[in-house]
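Keep in mind that the numbers below use all heavy atoms, side chains included, and drop hydrogens, waters and symmetry copies.
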Amino acid sequence: MASAWLLPEHIADVLPSQARRIEELRRELLDMARTYGCELVMPPMLEHLDSLLSGTGQALDLKTFKLVDQLSGRSLGLRADTTPQVARIDAHLLNRAGVTRLCYCGPVLHTRAEGLTATREPLQFGVEIYGHAGLEADLEAQELAIDAMQRAGLTRLVLDLGDARLVRGVLGDHALSEDRLNALVAAMAAKDAAGVAAFSNELPDDVVAALQTLLRLYGGVEVLADARRALPANALVTAALDDLDWLIHHLRASYPDVRIGVDLADLPGFGYYSGVRFALYAEGGTDAVLRGGRYDEVGAVFGRRRPAVGFSLDLKTLVGLIPATSLRAAVRAPWGEDPDLRAAVRRLREQGETVVCVLPGHDQENDEFECDRELVQAGGQWVLRSL
């Protein structure tokens, strides 16, 4: 019989020190998003399954916990990603004509962990910009992402760029089955030339050659010039490369300390993204700390095909990369029934001070607060004294 205190695999309690840092970070990022004009939304954890998995959300099927609603008998799901929910809010509830900027922060649940050390209960923070098809929205999303990570304290940021249109442009009118296309994209992301050859063997030789070329198009921003020489100059390919050039020009001007990389074959979420995609890496991390891009089809299933761009990240992962913050200063006070003492404690708390009362029979032992002052009685009054 399993011990009652054991939790399921890849599920963990968040203890005081980490919880404090996560909460401070959550507030910081939401405040940062608000400076860009983002409005906070709070979608429910539970929705009808056909809503959660509609349209581009179908890729989340295997990640989603499912259950039956005892009230209606319908299938419900615990969200594995908040983006489809926010798209539903934009398309169906807000139904605005112009640009809408939304942000969110809440837990999601995954049936399987995405890595050996990953949690199945990420705390997902994200930003979505709806209603503008131009690159200005892509740039704003990327700038907000960089600003947020710098505000969080991450250093040596690397912004990695790509575009889902490149593979579609190379394939042109040559259709592949969904399974074969997904396998081809996975092989490209893994830089698996043999896999690319195997999954593209039905295609013309020039298309196969262009796909193999994409595998080698990664590195610095000079990759874009190489791509213009090596890839077919059709409308989709040219538009993708032009857009990446434009974004890099503006990002370099605003963030000279951020290294910009290009990987034209790395396409996570290929079926989801419709244009430029990006990922941010930071010192100390083994994977991207956030991912985002343009996904113009996300709201179509809800009745509105709105341009959309955004990003999301896991705060639990992020907090492990940022430098530890100092403990919050606090006041140590004795516990007592003296009305003057109790009034002094209330007064300090009303002023925003943290006052930790030492309960009878206990020494002050607390890992979360640095008591640098104490409340003592002097001359018939309760006053603060430095420790």
Do Leu76 and His48 come within less than 4.5 Å of each other through their side chains, counting heavy atoms only?
yes
Heavy-atom check, side chain of Cys38 versus side chain of Leu144, under 4.5 Å:
yes
Please evaluate residues Leu375 and Val383 with respect to the criterion side chain to side chain contact (heavy atoms under 4.5 Å, CB included), reporting the C-alpha separation (whole Å), side-chain torsions for both, the decisive distance (0.1 Å), and the verdict.
CA-CA 6 Å; Leu375 194 59; Val383 298; 5.8 Å; no
Run the salt bridge (Lys or Arg N to Asp or Glu O under 4.0 Å) test on Lys66 and Asp61 for me, step by step, so that the C-alpha distance in whole Å, both residues' side-chain angles and the decisive distance to 0.1 Å come before the verdict.
CA-CA 9 Å; Lys66 304 172 180 72; Asp61 189 15; 3.0 Å; yes
Going by heavy atoms in the side chains, are Leu157 and Asp257 under 4.5 Å from each other?
no
What is the distance from atom CH2 of Trp335 to atom CG of Leu359, rounded to the nearest 0.5 Å?
8.5 Å
Quick check: does any side chain N or O of Asn234 sit under 3.5 Å from a backbone N or O of Gly169, one acting as donor and the other as acceptor?
yes
Member of Leu251, Val276, Leu139 meeting the side-chain contact (heavy atoms from CB on, under 4.5 Å) criterion with Trp246
Leu139
Ion pair present between Arg26 and Glu23, side-chain N to carboxylate O less than 4.0 angstrom?
yes
Can Leu313 be reached from Ile146 by stepping across I, L, V, M, F, W or Y side chains whose heavy atoms are under 4.5 Å apart?
yes
Just by modelled atom types, is the Ala118 backbone N or O under 3.5 Å from a matching donor or acceptor in the His10 side chain?
yes
Run the salt-bridge test on Glu350 and Arg346 with the 4.0 Å N-O cut-off and return the result as yes or no.
no
Apply side chain to side chain contact (heavy atoms under 4.5 Å, CB included) to residues Arg216 and Asp226 and explain how you reach the verdict.
CA-CA 10 Å; Arg216 301 188 294 273; Asp226 296 337; over 6 Å; no
Can any side-chain N or O of Tyr104 pair as donor or acceptor with the backbone N or O of Gln124 at less than 3.5 Å?
no
Is there side-chain contact between Val258 and Val158, with heavy atoms separated by less than 4.5 Å?
no
Side-chain (Asp192) to main-chain (Ala194) donor-acceptor, under 3.5 angstrom
yes
Give a yes or no on whether the backbone of Ser17 and the side-chain of Glu368 come within a donor-acceptor separation of less than 3.5 Å.
yes
Go through Cys105 and Leu315 one step at a time and tell me if the side chain to side chain contact (heavy atoms under 4.5 Å, CB included) criterion holds.
CA-CA 9 Å; Cys105 188; Leu315 285 185; 3.6 Å; yes
Option passing side-chain contact (heavy atoms from CB on, under 4.5 Å) with Leu318 (candidates Leu123, Ile22, Leu29)
Leu29
More than 12 non-hydrogen atoms from neighbouring residues, nucleotides or ligands closer than 6.0 Å to CD on Glu9, yes or no?
no
Using 4.0 Å as the upper bound for N to carboxylate O, is an ion pair formed by Arg74 and Asp50?
yes
Any side-chain heavy atom of Val358 sitting closer than 4.5 Å to one from Pro334?
no
Check: Arg120 side chain, Thr111 main-chain N or O, donor-acceptor pair, under 3.5 Å
yes
Thinking salt bridges, do Asp31 and Arg34 make one under a 4.0 Å N-O criterion?
no
On a heavy-atom basis, which atom in Ala193 and which in Leu215 lie closest, and how many Å separate them?
CA-CD1, 3.6 Å
Between CG on residue Leu62 and CZ on residue Arg112, distance to nearest 0.5 Å:
8.0 Å
Shortest non-hydrogen separation from Pro44 to Gln85 and the atoms involved
O-NE2, 2.7 Å
Arg228 atom CZ: more than 12 heavy-atom contacts under 6.0 Å:
yes
Quick one: does any side-chain atom of Arg306 pair with a main-chain N or O of Asp90 as donor and acceptor, under 3.5 Å?
no
Please report the shortest heavy-atom distance between Ile322 and Val319, naming the atom on each side.
CG1-O, 3.4 Å
Quick check: is Phe65 connected to Leu60 through a chain of hydrophobic side chains (ILVMFWY, heavy atoms under 4.5 Å apart)?
no
Determine yes or no for a side-chain-to-main-chain donor-acceptor pair under 3.5 angstrom, with Glu353 supplying the side chain and Gln351 the backbone.
no
Is there a donor-acceptor pair closer than 3.5 Å between any side-chain N or O of Gln212 and the backbone N or O of Val196?
no
Salt bridge check, Arg291 against Asp160: does any charged N sit closer than 4.0 Å to a carboxylate O?
no
Atom pair CG (Leu171) and NE2 (His174), whose distance is rounded to the nearest 0.5 Å
8.5 Å
Would Leu40 end up clustered with Phe311 when hydrophobic side chains under 4.5 Å apart are linked, directly or stepwise?
yes
Do Trp382 and Asp338 touch side chain to side chain, with heavy atoms closer than 4.5 Å?
yes
Closest heavy-atom contact between Asp296 and Pro307?
OD1-CA, 3.2 Å
Verify same cluster id: Val262, Leu236 (apolar side-chain graph, 4.5 Å)
no
Counting only heavy atoms not in Met42 (residues, nucleotides, ligands), do more than 12 fall under 6.0 Å from its CE?
no
Check this for me, if you would: do Arg96 and Glu39 make a salt bridge, where the nitrogen-to-carboxylate-oxygen distance has to be below 4.0 angstrom?
yes
Under-4.0 Å salt bridge between Arg165 and Asp243
yes
So, Glu47 and Arg79, do they make that salt bridge, N to O below 4.0 Å?
no
Cationic N near anionic O, under 4.0 Å, Arg168 to Asp163
no
Looking at His92, I want to see if its NE2 is surrounded by more than 12 non-hydrogen atoms of other residues, nucleotides or ligands under 6.0 Å.
no
Give the minimum heavy-atom separation between Ala333 and Val345, together with the two atoms involved.
CB-CG2, 4.3 Å
Asn201 atom CG: more than 12 heavy-atom contacts under 6.0 Å:
yes
Phe199 and Val185, any side-chain heavy atoms less than 4.5 Å apart:
no
If you measure from CD on Gln18 to NZ on Lys316, what distance do you get to the nearest 0.5 Å?
8.0 Å
Distance, nearest 0.5 Å, that separates CG of Leu211 from OG1 of Thr213
8.5 Å
Closest heavy-atom pair and its distance - Tyr218, Lys191
CD2-CE, 3.5 Å
Same cluster or not: Leu264 versus Ile260, using hydrophobic residues (I, L, V, M, F, W, Y) connected whenever any side-chain heavy atoms lie under 4.5 Å apart?
yes
When you look at Leu280 and Leu159, which way does the side chain to side chain contact (heavy atoms under 4.5 Å, CB included) test go after all the steps?
CA-CA 5 Å; Leu280 261 176; Leu159 179 67; 4.0 Å; yes
Quick one, Leu327 and Phe369 - any side-chain contact, counting heavy atoms below 4.5 Å?
no
Would you say the side-chain atoms of Arg20 pair up with the backbone N or O of Arg328, donor to acceptor, closer than 3.5 Å?
no
Roughly how far, to the nearest 0.5 Å, is CD of Glu337 from CZ of Arg342?
7.5 Å
Whether over 12 other heavy atoms sit under 6.0 Å from Glu222 CD
yes
